[in-house]
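The structure displayed is predicted, hence computed values, not measured ones.
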Amino acid sequence: MTLYLAAPILRRAEIAHCAVELRALGYTVTSTWHDGPTKGVQDDGVTMRGTPEALDLLARRDLREIAHAEVLVAFTEAVPCRGGYHLET
């Protein structure tokens with residue numbers, strides 16, 4: 001089964017750990033946003049900044065990875081930490 005893990009960037013380390021555990025159990029994790037910084041994008045662990053081109057590539061990568069997943073697992077917050085509540089932006 002293929003999974004895309006979606007969560008606020010604040011939870012990157014936690015989701016990266018989940019991805020490792022899921023892979024060890026035999027799942028394929030299509031999401032890569034949690035694996036580390038993206039070239040051309042400044043990431044302070046809360047927000048991502050970059051050129052429009054770099055952010056466009058990042059968004060397209062995310063959409064491709066979502067399309068390749070059979071299941072999207074959304075790690076939501078009890079209270080929205082930033083806009084996009086229940087929404088991958």
* Return the minimal non-hydrogen interatomic distance between W33 and I15, and the atom names on each side. => CZ2-CG2, 3.8 Å
* Asked: To the nearest 0.5 Å, what is the distance between OH (Y4) and OG1 (T28)?
  -> 15.5 Å
* To do: Could you note down all residue pairs passing salt bridge (charged side-chain N to carboxylate O under 4.0 Å, His left out) where residues 9-25 supplies at least one of them, sequence neighbours left out?
  => R11-E14, R11-E77, R12-D43
* Asked: Under 4.5 Å between any side-chain heavy atoms of H68 and T2, yes or no?
  -> no
* Asked: Are L22 and L5 side-chain neighbours, meaning at least one heavy-atom pair lies under 4.5 Å?
  -> yes
* To do: Calculate, to the nearest 0.5 Å, the distance between atoms CG and CG belonging to L58 and L63 respectively.
  => 10.0 Å
* Over all atoms of both residues, closest heavy-atom pair of A69 and T30 -> CB-OG1, 3.5 Å
* Asked: In terms of hydrophobic clusters joined by side-chain contacts under 4.5 Å, are L57 and V41 together?
  -> no
* **Distance in Å, T51 OG1 paired with Q42 CD, rounded so as to fall on 0.5 Å steps** => 8.5 Å
* **ILVMFWY network linking I9 to V20, side-chain heavy atoms under 4.5 angstrom** => no
* Asked: For H34 and A19, which heavy atoms make the closest approach, and how far apart are they?
  -> CE1-CB, 3.6 Å
* Structure fact -> Taken in chain and number order and not counting sequence neighbours, the residues that satisfy salt bridge (charged side-chain N to carboxylate O under 4.0 Å, His left out) with R60 are D56
* Structure fact -> Applying salt bridge (charged side-chain N to carboxylate O under 4.0 Å, His left out) to D35 and not counting sequence neighbours gives none
